[in-house]
Amino acid sequence: MDGGTPRLSSAKGNKVAVPLSDAALVQQGFFDRDPRAVAPELLGMLLISDKDGVVTGGRIVETEAYLGSDDPGSHAATKGITKRNATMYGPPGHLYVYFTYGNHHMLNLVCESEGTAGAVLIRAIEPTIGLETMRLRRQGRSDRELTNGPGKLAAALGLTMSDNGGGLIDSAIRIHALRLPAGERVATSGRIGLSAGHELHLRYYLEGHKNVSKGRIG
DNA sequence: GACGTGATTGTA
DNA sequence: ACAATCACGTCC
């Protein structure tokens, strides 16, 4: 493949705070399996958004796995393919972005092979890259509250429905395979905000991390 | 702690 | 037709 060097030289108005060139890009095959395996492994990895050369991002600190028909909390729970959830049944490694509560976009990464539903919801990142841009997109919020929730994160990264269905090559999102530093631990819990399926412990987060969301389990 | 937002989907 | 939903911001 064409290597792990992201297009950062074109970034306008953003200082890249973290050296990225050594971190390999995560490939599509990484996502071609159970989201319960993918979700915890994404923790600590670097998520980069490049919207027309404006680069933002940071390390992933909180994720949730969503399954197919066996998961009452998933958009793919009872039905088959609908207009909204079609991306969840598509090829792995693509972005599933949806709009909810009339206000917020959510970023998921599709898992499992094409034809099988599954995804990982990115719930929080540690905002480090393109801070100036993220502050503008999240005006009036403290740095700590820039990306500590799924709707907040999507807003800070500039994601909209036009990003739904994009692949890891042609979309705005790239993921770099960073290792979890010694001392950081993965914890699990029930997922947040669900009326069903909360008994499944499919939320994964870095224990004690400052940028983990404050939502309630249920 | 409760409410408005308001697209999509499931239920009536 | 109507209520619920993988939140967030604001007001009480």
Side-chain angles (χ1 to χ4, degrees), chain A residues 31 34-40 42-43 47 49 56 58 60-90 92 94-112 116-127 134-165 173 187-206 209-218:
Chain A
F31 296 96
D34 193 308
R36 288 169 288 197
V38 173
L42 283 173
L43 294 176
L47 179 74
S49 164
T56 51
I60 298 170
V61 300
E62 181 179 353
T63 59
E64 281 178 358
Y66 286 88
L67 316 178
S69 54
D70 291 335
D71 180 1
S74 170
H75 284 170
T78 60
K79 33 199 170 186
I81 298 178
T82 67
K83 194 168 189 178
R84 179 173 67 171
N85 70 17
T87 307
M88 280 187 85
Y89 292 83
H94 285 236
L95 312 186
Y96 173 40
V97 179
Y98 68 91
F99 188 65
T100 193
Y101 290 104
N103 290 298
H104 306 295
H105 296 278
M106 303 284 143
L107 171 63
N108 299 253
L109 290 156
V110 176
C111 296
E112 303 281 15
T116 302
V120 172
L121 172 66
I122 309 298
R123 284 197 56 89
I125 68 173
E126 174 184 19
M134 292 194 283
R135 287 177 187 131
L136 285 174
R137 289 171 176 162
R138 298 266 308 134
Q139 205 147 28
R141 308 293 144 201
S142 68
D143 282 5
R144 181 174 185 154
E145 307 229 327
L146 288 178
T147 57
N148 65 333
K152 301 174 186 180
L153 168 164
L157 299 183
L159 300 174
T160 68
M161 284 309 291
S162 67
D163 295 292
N164 182 44
I173 296 296
T188 66
S189 80
R191 293 171 294 183
I192 291 179
L194 300 188
S195 61
H198 48 278
E199 70 282 358
L200 302 171
H201 277 215
L202 300 181
R203 173 175 175 249
Y204 307 88
Y205 59 99
L206 294 184
H209 196 286
K210 179 180 182 177
N211 291 289
V212 167
S213 75
K214 293 178 261 186
R216 293 196 178 159
I217 301 166

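Scope of the values below: all heavy atoms of this structure, side chains included, with no hydrogens, waters or symmetry mates. Lettering follows sequence order; numbering is per chain, from 1. Just so it is clear, the structure is predicted and the values come from calculations on it, not from any experiment.
The phosphate of dG9(C) has OP1 or OP2 within less than 4.0 Å of a side-chain N or O from Arg138(A). Of the side-chain N and O atoms in Arg141(A), one or more sit less than 4.0 angstrom from OP1 or OP2 of dT10(C). The phosphate of dC6(C) (OP1 or OP2) has no side-chain N or O of Thr100(A) nearer than 4.0 angstrom. Note on Arg123(A): a side-chain N or O is less than 4.0 Å away from OP1 or OP2 of dA7(C).
Remark: ring of Phe99(A) not stacked against base of dT8(B); the cut-offs of centroid gap under 5.5 Å and plane tilt under 30° are not jointly satisfied.
Taking atom NZ of Lys214(A) as the reference point, atom C1' of dC6(C) lies 19 Å away to the nearest angstrom. Distance, Leu107(A) CG to dC8(C) P: 13 Å, rounded to whole Å. At whole-Å resolution of the value, CD1 in Ile81(A) and P in dT8(B) are 17 Å apart. Counting to the nearest Å, the P atom of dA4(C) and the NE2 atom of His75(A) are 16 Å from each other. Nucleotide dA7(C) holds its P atom 14 Å from the CD1 atom of Ile122(A), rounded to whole Å. When the P atom of dC8(C) is taken as reference, atom CZ of Arg144(A) falls 15 Å away, rounded to whole Å. Atom CG of Leu194(A) and atom C1' of dC6(C) are 5 Å apart (whole Å). Protein atom OH of Tyr101(A) is 6 Å distant from nucleotide atom P of dA7(C), rounded to whole Å.
Ring-plane geometry between His105(A) and Phe99(A) is classed as tilted, the angle between the planes lying from 30 to 60 degrees on a 0 to 90 degree scale.
Across all strands shown, dG6(B) forms no Watson-Crick or G-U wobble pair with both key distances under 3.5 Å. The nucleotide dC6(C) finds no pairing partner, because no Watson-Crick or G-U wobble arrangement with both distances shorter than 3.5 Å includes it.
The side chain of Lys83(A) approaches dT9(B) more closely than any other nucleotide in the set dC6(C), dT5(C), dT9(B).
Side-chain N or O atoms of Asn85(A) include one that pairs as donor or acceptor with a backbone N or O of Gly80(A) at under 3.5 Å. A donor-acceptor pair under 3.5 Å is absent between the side-chain atoms of Arg36(A) and the main chain of Ala65(A), judged by distance alone.
Under the rule for a ring pair (Phe, Tyr, Trp, His ring centres under 6.0 Å), Tyr89(A) has no partner lying at least two apart in sequence or in another chain.
For the C1' atoms, the distance from dG9(C) to dT8(B) is 22 Å, rounded to whole Å. Here, dC3(B) and dA4(C) have their P atoms 13 Å apart, quoted to the whole Å.
Contact annotation for Gly151(A): backbone-only contact, meaning every heavy-atom pair under 4.0 Å involves sugar-phosphate atoms and none involves a base. The residue Ser74(A) sits close to a base: some heavy atom pair falls under 4.0 Å.
Both Met161(A) and His104(A) lie close to DNA chain B; mapped to their nearest nucleotides by heavy-atom distance, the more 5′-ward contact belongs to His104(A).
Of the listed residues (Leu42(A), Thr63(A), Val120(A)), just one forms a side-chain contact (heavy atoms from CB on, under 4.5 Å) with Tyr204(A), and that residue is Thr63(A).
Of the charged side-chain nitrogens involved, at least one lies within less than 4.0 Å of a carboxylate oxygen, so that Asp71(A) and Arg191(A) count as a salt-bridged pair.
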